[in-house]
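These numbers come from the heavy atoms of this one structure, side chains and all, not from hydrogens, waters or symmetry mates. Model, not experiment: these values are computed from the prediction.
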Amino acid sequence: MPSEPILTTWPESLLSLFYPRLCLACGQNLPSKASSICLSCNHQLPKTDFHLQADNPFTERFWGRIPLHAGAACYHFSKSGRTQQLLHHLKYGGKREVGVEIGKIYGADLLQSPLFRTVAHIVPVPLHPRRKRQRGYNQAAAFAQGLSQAMKLPWSEALIRTQHTSSQTSKTRMERFANVSQVFALRDESAVQGKLVLLVDDVMTTGATLEACAHCLLQAEGTSVAMCTIAIAN
């Protein structure tokens, strides 16, 4: 009957009038409950397309440091840009769903790349338990979950962070490497042994954290490592 859609949707319309759902990238009203990012931002966010290039600005940061199978980031990061807004909501605003949603988006892209088609397992960079309790979740694990759903691959927290370290944000390149050089350990070798593992994090700057985690994963016999992040900073 024609009156039914009106009766079932007017409470939602009234609620959205007082508590509008806003795009977490640009702050505009969202027409759909299913997304945290509006259609305009989905098209305008600065995608890198690194997943289509064997050699790219992401992989260059690891040349001569680790044997990286492939590496990519979904978006370019710039201060005060839309990507920064998304990451801020994900890390500090309690918006875990942002990580899952971007994971689904980027997972679909990675499936189109021959460089990532042989990935067998996904592992997020771990948070220390204290930091995880404060935040309520691991933002890298939220990204891993979205990737897992899109790529139909298992994911696990096969790595652990054994020491609580200070934030990397204000540190120099060398300070970042020293800060994380010996703070990770491989908890579940059986999950990654003999597989191409996709190591994931929210943002890549110097690559110090990712490199430290990769060294742990490569201790497992026959394991190789690819990487991806939500964003890459210049």
Side-chain angles (χ1 to χ4, degrees), residues 25 37 39-79 81-87 90 98-125 139-155 159 168 173 176-177 180 192 195-218 222-234:
I37 308 169
L39 288 175
S40 175
C41 284
N42 267 324
H43 289 291
Q44 294 183 37
L45 281 163
K47 283 200 166 185
T48 69
D49 289 331
F50 290 167
H51 61 289
L52 301 176
Q53 309 162 33
D55 296 325
N56 60 59
F58 189 106
T59 60
E60 286 174 6
R61 298 190 189 184
F62 298 95
W63 284 356
R65 290 160 52 182
I66 55 170
L68 186 62
H69 176 87
C74 186
Y75 304 121
H76 291 286
F77 177 93
S78 61
K79 288 187 176 180
R82 298 186 189 197
T83 305
Q84 186 188 40
Q85 292 299 315
L86 287 175
L87 289 173
L90 172 62
V98 174
V100 177
E101 185 169 347
I102 296 174
K104 291 178 182 178
I105 292 169
Y106 203 39
D109 289 342
L110 294 182
L111 286 176
Q112 304 307 310
S113 170
L115 298 169
F116 292 88
R117 284 180 189 160
T118 54
V119 168
H121 198 81
I122 302 169
V123 174
V125 168
Q139 71 275 6
F143 182 45
Q145 181 184 341
L147 289 166
S148 171
Q149 291 178 26
M151 301 176 77
K152 303 295 190 292
L153 292 172
W155 74 278
L159 293 172
Q168 297 276 72
R173 177 185 174 87
R176 285 171 184 259
F177 279 96
V180 297
V192 302
K195 298 173 183 175
L196 173 57
V197 176
L198 183 60
L199 176 65
V200 306
D201 203 3
D202 55 346
V203 62
M204 199 264 272
T205 48
T206 63
T209 298
L210 287 163
E211 181 180 346
C213 288
H215 281 302
C216 290
L217 291 171
L218 291 170
T223 298
S224 53
V225 175
M227 298 176 183
C228 78
T229 59
I230 293 175
I232 181 171
N234 296 327

Is there a donor-acceptor pair under 3.5 Å between the side chain of [X] and the backbone N or O of [Y]?
X	Y	answer
His69	Phe116	no
Thr229	Ala73	no
Asn56	Gly71	yes
Arg61	Thr205	yes
Thr48	Tyr75	no
Ser113	Leu110	no

Is any side-chain heavy atom of [X] closer than 4.5 Å to a side-chain heavy atom of [Y]?
X	Y	result
Ile66	Val225	no
Pro124	Trp155	yes
Leu147	Leu153	no
Pro57	His76	no
Asp109	Lys47	yes
Ile230	Leu90	yes
Asp202	Phe143	no
Leu86	Cys41	no

So which atom in [X] and which in [Y] form the shortest heavy-atom distance, rounded to 0.1 Å?
X	Y	answer
Ala231	Thr83	CB-CG2, 3.7 Å
Asn42	Ile37	ND2-O, 3.7 Å
Ala214	Leu199	N-CD2, 3.8 Å
Ile122	Ala144	CG2-CB, 3.8 Å
Ala140	Asp201	CB-OD1, 3.7 Å
Phe58	Phe62	O-CD1, 3.5 Å

To the nearest 0.5 Å, what is the distance between [atom1] on [X] and [atom2] on [Y]?
X	Y	atom1	atom2	value
Gln149	Glu101	CD	CD	11.5 Å
Met227	Glu211	CE	CD	7.5 Å
Gln139	Ile102	CD	CD1	11.5 Å
Ser40	Leu45	OG	CG	9.0 Å

Under the side chain to side chain contact (heavy atoms under 4.5 Å, CB included) rule, what do Leu210 and Val125 come out as? Steps first, then yes or no, please. CA-CA 7 Å; Leu210 287 163; Val125 168; 3.9 Å; yes
Angle class for the His51/Tyr106 ring planes (parallel below 30°, perpendicular above 60°, tilted otherwise)? perpendicular
